[in-house]
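Proteins come first, then strands; the chains are lettered A, B, ... in the order of their sequence lines, and each starts at number 1. Keep in mind that the numbers below use all heavy atoms, side chains included, and drop hydrogens, waters and symmetry copies. All of these numbers come straight from a predicted model, not from anything done at the bench.
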Protein chains: 2
Amino acid sequence: MIKKQVKTRNTIQRIKIMKYLKSVKTHPTAEMVYNAVVKEIPSITLATVYRNLHNLANKGKILMFEFNKEYHFDGDTCNHQHCICKKCGKITDVFQEEISKYALSKLRADNFDAKCVTIIFNGFCRKCSGV
Amino acid sequence: MIKKQVKTRNTIQRIKIMKYLKSVKTHPTAEMVYNAVVKEIPSITLATVYRNLHNLANKGKILMFEFNKEYHFDGDTCNHQHCICKKCGKITDVFQEEISKYALSKLRADNFDAKCVTIIFNGFCRKCSGV
DNA sequence: ACTTTAATGATAATGATTATTAATTAGTAA
DNA sequence: TTACTAATTAATAATCATTATCATTAAAGT
Ligand SMILES: [Mn+2]
Ligand SMILES: [Mn+2]
Ligand SMILES: [Zn+2]
Ligand SMILES: [Zn+2]
């Protein structure tokens, strides 16, 4: 029988990772986070970064989504949406709560208890749509 | 300089893969597609299945999305949305075009030319929400 | 200071996907 | 029908993001 962990610790690793995510407006991969944090904690490993990112995501402190076979993390947990360029992969934020609200309120799915919506606009960023 | 391929061939492998995806209402992974198709074409390999799935997705004949570190494929290219259970991972369809329409019409993102929206409802399926 | 156990660092392992390449074959034109 | 060309295949090796393992370290409560 496995007893689920209840206490978490505020290690400097976790704190730095969190701080970094809160400081940027991008949606970095685990490796990108590692590259930023390793400058402050040279001994940190990629595995530790992964461990903490999952930890934070499970606790709802950060967001996590998959794109191009990689996890991307988001320090902003406010209700918002994303645009992803089909060509260059650039990810940008959209803050239009009404869109998510509408989707959730209109959904009629008897056999599903929806907690939130993930909304991703697929298309082309300014730079790529000009080509 | 690489010249992009212009002609595609209707191999029995591609045809069977397509037929299979059109015949189911699930959202199988490449391996699941392989397991189904290999019954009819014993010599087919997983790599061929991957190649064709990407091919079909690029041509817009099928949909493709990532979930749990795996690609999932959808033979139904109609405008529709999905529900994914956070616990068991079950994926189900929602056919409410108005939700996607609303999202696309309301989006105001100057630097982005949106072509379509991916809408995923996250929550719990009947079976898992009862627990 | 002492204890408990979550977390780390180092490293090996995993597994889905992709790359390579010689052989095959769909599509087309003679 | 036959021949030609390039797309596609089967077999296989390689890639690489992510996880697992485990001995050691260090939060946090007493
Ligand atoms: Mn964001
Ligand atoms: Mn579907
Ligand atoms: Zn772009
Ligand atoms: Zn479920």
Side-chain angles (χ1 to χ4, degrees), chain A residues 1-21 27-59 61-74 89 91, chain B residues 1-21 27-59 61-74 89 91:
Chain A
M1 173 204 300
I2 300 161
K3 79 168 79 170
K4 79 171 173 187
Q5 165 196 326
V6 52
K7 290 176 187 170
T8 60
R9 294 177 183 175
N10 291 319
T11 62
I12 49 172
Q13 289 83 348
R14 187 167 299 163
I15 290 166
K16 294 284 189 189
I17 288 168
M18 190 68 199
K19 274 219 181 84
Y20 175 68
L21 281 177
H27 303 79
T29 61
E31 192 174 14
M32 288 165 164
V33 173
Y34 168 78
N35 287 331
V37 176
V38 76
K39 289 173 186 166
E40 301 192 64
I41 311 173
S43 65
I44 202 171
T45 62
L46 193 50
T48 295
V49 172
Y50 270 108
R51 238 183 284 121
N52 279 293
L53 288 170
H54 282 123
N55 214 299
L56 292 166
N58 288 335
K59 289 275 193 314
K61 306 265 184 65
I62 61 174
L63 299 179
M64 171 175 165
F65 58 90
E66 299 170 53
F67 173 61
N68 268 174
K69 287 279 113 187
E70 289 185 292
Y71 285 131
H72 286 257
F73 303 88
D74 192 337
I91 303 171
Chain B
M1 173 204 299
I2 300 162
K3 79 167 82 170
K4 79 172 174 187
Q5 162 195 328
V6 51
K7 288 176 186 169
T8 61
R9 294 177 183 175
N10 292 318
T11 61
I12 50 170
Q13 289 84 347
R14 186 166 299 163
I15 291 166
K16 294 284 189 189
I17 288 168
M18 189 70 199
K19 274 219 180 85
Y20 175 68
L21 280 178
H27 304 79
T29 61
E31 192 175 14
M32 287 166 164
V33 173
Y34 168 78
N35 288 330
V37 175
V38 75
K39 289 173 185 164
E40 301 192 65
I41 311 174
S43 66
I44 201 171
T45 63
L46 193 48
T48 295
V49 172
Y50 270 106
R51 232 183 292 118
N52 279 293
L53 287 171
H54 282 124
N55 212 299
L56 292 166
N58 287 335
K59 289 275 193 314
K61 306 266 184 64
I62 63 174
L63 299 180
M64 170 174 166
F65 58 90
E66 298 171 53
F67 173 61
N68 269 173
K69 287 278 113 186
E70 288 185 292
Y71 284 131
H72 287 258
F73 302 89
D74 192 337
I91 303 169

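Atom CG in B:Asn55 sits about 14 Å away from atom P in C:dA19, given to the nearest Å. Distance OH (A:Tyr71) to P (D:dC16): 19 Å, rounded to an integer number of Å. For the pair A:Phe67 CZ and D:dT18 P, the computed distance is 13 Å after rounding to whole Å. For the pair B:Ile17 CD1 and D:dT9 C1', the computed distance is 11 Å after rounding to whole Å. Regarding B:Tyr50, its OH atom lies at a distance of 5 Å from the C1' atom of C:dT17, rounded to whole Å. Rounded to whole Å, atom P of D:dT8 lies 15 Å from atom NE2 of B:His54. In this structure, the CG atom of A:Leu56 is 13 Å from the C1' atom of C:dA7, given to the nearest Å. Rounded to an integer number of Å, the gap from B:Leu46 CG to C:dT18 C1' is 11 Å.
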Could you walk me through whether B:Leu56 and B:Met18 pass side-chain contact (heavy atoms from CB on, under 4.5 Å), step by step?
-> CA-CA 8 Å; B:Leu56 292 166; B:Met18 189 70 199; 3.8 Å; yes
Let me see the working for A:Ile44 and A:Lys16 under side-chain contact (heavy atoms from CB on, under 4.5 Å), right down to the final yes or no.
-> CA-CA 11 Å; A:Ile44 202 171; A:Lys16 294 284 189 189; over 6 Å; no
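Ring geometry, A:Phe67 versus A:His72: the interplanar angle falls from 30° to 60°, so the pair is classed tilted.
When the shell of 6.0 Å around NZ of B:Lys7 is examined, it contains 12 or fewer heavy atoms from other residues, nucleotides or ligands.
Considering only side-chain N and O atoms, B:Arg9 lies nowhere under 4.0 angstrom from the phosphate OP1 or OP2 of C:dT25. Phosphate contact (OP1/OP2 of C:dG27, side-chain N/O of B:Asn10, threshold under 4.0 Å): present. Look at A:Thr11 and you won't find any side-chain N or O under 4.0 angstrom from OP1 or OP2 of D:dA26. The shortest distance between the side-chain N/O atoms of B:Arg51 and the OP1/OP2 oxygens of D:dT8 is not below 4.0 Å. Taking only side-chain nitrogens and oxygens, B:Ser43 comes nearer than 4.0 Å to OP1 or OP2 of D:dA10. B:Asn52 has a side-chain polar atom (N or O) that falls below the 4.0 Å cut-off from OP1 or OP2 of D:dT9. Distances shorter than 4.0 Å separate none of the side-chain N or O atoms of B:Gln13 from OP1 or OP2 on C:dT25. Residue B:Lys69 has a polar side-chain atom (N or O) positioned under 4.0 Å from OP1 or OP2 of D:dT18.
Rounded to the nearest 0.5 Å, atoms CG (B:Asn52) and CD1 (B:Ile15) are 10.0 Å apart.
Contact between A:Leu46 and A:Ala30 at its shortest, heavy atoms only, is CD1-O, 4.0 Å.
Toward the 5′ end of DNA chain C lies the nearest nucleotide of B:Glu31, the other residue of the pair B:Lys7 and B:Glu31 mapping further downstream. Mapping B:Ile12 and B:His72 onto DNA chain C via the closest heavy atom, the residue that lands nearer the 5' end is B:His72.
Of all nucleotides listed (D:dT18, D:dT12, D:dA10), D:dT18 comes nearest to the side chain of A:Ala30. Considering only the side chain of A:Glu70, D:dA17 comes nearest among D:dA17, C:dG9, C:dT17.
Using a 4.0 Å heavy-atom criterion, one finds that A:Thr29 contacts no nucleic acid atom at all. The residue A:Thr48 sits close to a base: some heavy atom pair falls under 4.0 Å.
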